[in-house]
Protein chains: 2
Amino acid sequence: MTTSATDDLWGEAGPGSRRILEAALTAFAARGYHGASTRDIAAAAGMSPAAVYAHHRTKEDLLYAISLAGHRSALTAVERALWEEVTPVGRVRALVHDYTAWHARHHLLARVVQYELGALAPDHRDEILRLRRRTEEVVLDEIAAGIASGAFRTEDPDGVALAVLSLGVDVSRWYAPGGQHTPVSLGRRYATLVLAMLGTDHRSATAG
Amino acid sequence: MTTSATDDLWGEAGPGSRRILEAALTAFAARGYHGASTRDIAAAAGMSPAAVYAHHRTKEDLLYAISLAGHRSALTAVERALWEEVTPVGRVRALVHDYTAWHARHHLLARVVQYELGALAPDHRDEILRLRRRTEEVVLDEIAAGIASGAFRTEDPDGVALAVLSLGVDVSRWYAPGGQHTPVSLGRRYATLVLAMLGTDHRSATAG
DNA sequence: CCTACCGATCGGTAGG
DNA sequence: CCTACCGATCGGTAGG
């Protein structure tokens, strides 16, 4: 359950390009892709309306870059959650914890990435959906492994996987920092609920 | 767990007004409030661009009418779920089942109602949020009642309530008719998962 | 990265 | 519920 604070979300993008991407992320999260104008974004980045196009080909390209970076970050978080865990209970607990916490910690990014897929060009959307499918498969695989080993006794592994992904994604809809929840507190709670769905007594595993 | 097929979603609205509301619902669900133009909506209703304003004051009024009807429908569904159930397990099962099934059955309406709140005028949004809070309280109350009676043994009733609402809402994000799920199959699965979260052996209760 | 600008589309209104 | 239309704003480009 490591937290990555040094991740470089925007890769090789220059400082001007980054400021625009950050502004676009905030604007898209607040008002949606269609509700945010390129002028909004440029102004929030402290630039002229046309500056957006010095760094990015189109408005849709901004959304594509954000969606790609966000889904890659989520997939990395999910893979990293498994690094130091060996038992089925430990692995699923870490997986649910980190996937949930990722959506809380990056709730603006997650919101754009999860709810604005429909505004992407078809080929861009397809690419993003392939990334998301990989994340889904990690969850399915870990649940299947726990069942095969006898650690879980659910009759509906697909339903639990669906619930894990659904609970995580939905966090980005309602989460607000400064409220009663933190990424870690929420991660712990959902991990416990999911282990209950899997027919595992969570108290038999060491708490993180 | 009754299904209401005779609900009148649009109340006293006339036939022209209804066609526009239906078209707006479809357009908002497909492209979002800001992504759907009043011309799109009018064309889908088979009318001229200006016809929208013969029936509705503004575009935001369309969203408000849809949001109000949708949240009232969801609240009614949740209250109706409890009518014939007396045991805590039966009541929570029916509640989760019907709340989940509502979001699948009315997935386009639910999507607009749950994800376009930000586009509402502040006073309209406040009114809608009050309706949603009533739905949330029904869930919280039923879980609390089951704990008080000794039927549930969870340590995190608020977390389970959050999960119930979150799982239900998120159905409207990904659900598509004609897929592997139906409103009823999904309702059953989620009800079972939630009873597991509550520390109840679901097989001890009679299946619906 | 800016100034200046383009054609298209937007929500909404006048008048019937 | 239609035709005709308005001012504002949109995504994007030219030229530097």
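Order of the sequence lines sets the chain letters (A, B, ...), proteins ahead of strands, with each chain counted from 1.
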- Task: Looking at every strand, decide which applies to B:A51 at a 4.0 Å heavy-atom threshold: base, sugar-phosphate, or nothing.
- Result: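 Sugar-phosphate only.
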
- Task: Taking salt bridge (charged side-chain N to carboxylate O under 4.0 Å, His left out) as the test, write out the residues that go with A:R72, two or more places apart.
- Result: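 Partners of A:R72 by the salt bridge (charged side-chain N to carboxylate O under 4.0 Å, His left out) criterion come out as none, since no residue qualifies.
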
- Query: Residues in salt bridge (charged side-chain N to carboxylate O under 4.0 Å, His left out) with B:R189, at least two apart?
  - Reply: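 Salt bridge (charged side-chain N to carboxylate O under 4.0 Å, His left out) check on B:R189 returns A:D156.
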
- Partners passing ring-ring contact (aromatic ring centres under 6.0 Å, His included) against B:F152 (at least two apart in sequence or in another chain): none

- Item | Partners meeting ring-ring contact (aromatic ring centres under 6.0 Å, His included) with A:Y190 (sequence neighbours left out) |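 In terms of ring-ring contact (aromatic ring centres under 6.0 Å, His included), with neighbours along the sequence ignored, A:Y190 is linked to no residue.
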
- Message: Taking ring-ring contact (aromatic ring centres under 6.0 Å, His included) as the cut-off, I'd like each qualifying pair that reaches into residues 34-71 of chain B, sequence neighbours left out, listed once.
- Response: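 Output for this query lists B:Y64-B:H124.
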
- Item | Whether B:W102 and B:H106 hold their rings parallel, tilted or perpendicular, with breakpoints at 30° and 60° |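 B:W102 and B:H106: tilted rings.
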
- Message: For residues 157-166 of chain A, which residue pairs pass the salt bridge (charged side-chain N to carboxylate O under 4.0 Å, His left out) check, not counting sequence neighbours?
- Response: none

- Item | Listed once per pair and sorted, the salt bridge (charged side-chain N to carboxylate O under 4.0 Å, His left out) pairs that draw on residues 35-46 of chain B, sequence neighbours left out | B:R31-B:D40

- Message: Among residues at least two apart in sequence or on other chains, which ones pass side chain to side chain contact (heavy atoms under 4.5 Å, CB included) with B:R130?
- Response: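 Only B:D126, B:E127, B:R133 meet the side chain to side chain contact (heavy atoms under 4.5 Å, CB included) criterion with B:R130.
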
- Task: Please list, by residue number, the residues of residues 23-31 of chain A whose heavy atoms come closer than 4.0 Å to an atom of DNA chain C; answer none if no residue qualifies.
- Result: none

- Dot-bracket notation for DNA chain C, counting Watson-Crick and G-U pairs under 3.5 Å, with | for partners on another strand: ||||||||||||||||

- Using a 4.0 Å heavy-atom cut-off, write out nucleotides 4-16 of chain D from 5' to 3' as B (base contacted by protein), S (sugar-phosphate only) or - (no contact). BB----SBBB---

Counting only pairs under 3.5 Å, give me each side-chain donor-acceptor contact of residues 20-29 of chain A, with atom names and distances, residues two or more places apart or in other chains.
| from | atom 1 | to | atom 2 | distance (Å) |
| --- | --- | --- | --- | --- |
| A:E22 | OE2 | A:W10 | NE1 | 2.9 |
| A:T26 | OG1 | A:E22 | O | 3.0 |

